[in-house]
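Shown next, in structure tokens, is the structure this report addresses.
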2 protein chains.
Amino acid sequence: MDADLDTVFAALADPTRRTILTMLLEDDMAVTDVAEPFEMSLAAISKHLTVLTRAGLISQERRGRVKWCKLQPDALKNASVWMQGFGQFEPVNLDAFERFLQQELSEAPYSET
Amino acid sequence: MDADLDTVFAALADPTRRTILTMLLEDDMAVTDVAEPFEMSLAAISKHLTVLTRAGLISQERRGRVKWCKLQPDALKNASVWMQGFGQFEPVNLDAFERFLQQELSEAPYSET
DNA sequence: CGCATATTCAACCGATTGGTTGACGATTGC
DNA sequence: GCAATCGTCAACCAATCGGTTGAATATGCG
């Protein structure tokens with residue numbers, strides 16, 4: 001039915017891809033630069049970027065031999081709206097965000113998984 | 001860690017599971033009743049329900065021989081909050097979001113424990 | 001007790017996922 | 001022109017996913 005939600009949620013279900021999205025919040029990046037901090041091949045990152053592109057979460061524009069990746073946060077809207085259908089929390093809740101930050105940050109950054 | 005986000009987003013990436021969640025918005029349901037409208041085996045639905053349970057999106061309580069499924073929408077909070085961070089990265093709370101970014105990025109492999 | 005109901009388990013299947021490597025096409029710069 | 005850089009493609013691999021079927025385990029009921 002809603003293949004859109006399928007692909008968006010599936011794209012978000014991978015930590016590497018979520019990290020890439022947060023990296024792109026800072027600025028647009030070339031594929032090679034996106035790949036740099038990760039301990040995996042460029043080809044693997046390239047695949048992740050196609051997944052994100054197909055989900056509409058980023059766009060890729062080639063300029064010369066460099067392909068620039070740009071965040072497209074609007075793609076999250078449908079998914080966000082879908083989740084808000086469950087109505088147990090306010091649509092835009094910065095307080096919840098702050099609490100989430102506290103919780104995230106209070107966890108040991110380097111604890112073994 | 002956000003293995004939480006992994007499992008929640010992965011659970012949401014399936015249309016059958018999303019439909020089940022919306023069904024449970026109406027009311028708690030027994031496993032058999034959840035399965036009834038779907039054109040797949042009860043065992044398949046049972047598996048979907050375990051996925052949802054492991055993601056914390058529902059809880060299952062056995063009463064007699066019937067296992068009741070109950071929506072747990074709070075599990076969506078972290079995921080929703082994570083997504084909303086992308087929707088509004090211009091507002092005042094950029095500081096908090098920056099700290100969130102640091103946390104996320106510090107989980108990239110190059111920080112190897 | 002004996003049978004129906006409710007649900008899960010176990011084994012299996014094909015498709016997809018996330019990763020690798022090596023070759024390849026395009027583009028840039030000396 | 002040629003070599004280096006950027007990125008993808010193709011083939012492969014192991015693991016996971018979403019589904020099936022059939023047997024197994026509780027539990028409730030007459």
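Just so you know, these numbers use all the heavy atoms, side chains as well, and skip hydrogens, waters and symmetry mates. In what follows, chains carry the letters A, B, and so on, assigned in the order in which the sequence lines appear, proteins first and then strands, with residues in each chain numbered from 1.
Rounded to an integer number of Å, the gap from CG of A/Asp6 to C1' of C/dT17 is 15 Å. Taking atom CD1 of residue A/Ile20 and atom P of nucleotide C/dG19, one finds them 9 Å apart after rounding to whole Å. We find that CD of A/Glu39 is positioned 12 Å from P of C/dG19, with the value rounded to whole Å. For the pair B/Lys67 NZ and C/dT5 C1', the computed distance is 16 Å after rounding to whole Å. Atom CD in B/Gln60 sits about 12 Å away from atom C1' in C/dA6, given to the nearest Å. Atom P of nucleotide C/dT5 and atom CD of B/Glu36 are separated by 15 Å, given to the nearest angstrom. One interatomic measurement links the two molecules: CD of B/Glu61 to P of C/dA6, which rounds to 17 Å at whole-angstrom precision. B/Phe38 has its CZ atom 10 Å from the P atom of D/dG19, to the nearest Å.
Note on residues 19-35 of chain B: pairs passing salt bridge (Lys or Arg N to Asp or Glu O under 4.0 Å), not counting sequence neighbours, are B/Asp28-B/Lys70.
Residue-to-nucleotide contacts include no donor-acceptor pair under 3.5 Å from the side chain of B/Arg65 to the base of C/dT7.
Comparing A/Arg17 and B/Ala30 along DNA chain C, the residue whose closest nucleotide (by nearest heavy atom) sits nearer the 5' end is B/Ala30. Toward the 5′ end of DNA chain C lies the nearest nucleotide of B/Arg62, the other residue of the pair A/Ala10 and B/Arg62 mapping further downstream.
Relative to the side chain of B/Val66, the nucleotides C/dA6, D/dG19, D/dT21 differ in distance, and C/dA6 lies closest.
Residues from residues 42-54 of chain A that place a heavy atom under 4.0 Å from any atom of DNA chain C, listed by number: A/Ala43, A/Ala44, A/Lys47, A/His48.
Panel note: side chain A/Arg17, backbone A/Ala11; a donor-acceptor pair is recorded below 3.5 Å.
Between the side chains of B/Gln84 and B/Ser80, at least one donor N or O lies within less than 3.5 Å of an accepting N or O.
A/Ala10 approaches B/Ala13 most closely through the heavy-atom pair N-CB, 3.5 Å. Across every non-hydrogen atom of A/Met29 and A/Val34, the tightest pair is CB-CG2, 3.7 Å. For the pair A/Met83 and B/Leu76, the tightest heavy-atom approach, listed with the atom from each and the gap, is CE-O, 3.4 Å. Closest approach of B/Ala79 and B/Val8 over heavy atoms only: CB-CG1, 3.9 Å.
Residue contacts shown for B/Arg63 are absent, as no nucleic acid heavy atom lies under 4.0 Å away.
Dashed line: the shortest gap from a side-chain N or O of B/Ser41 to OP1 or OP2 of D/dT20 is under 4.0 Å.
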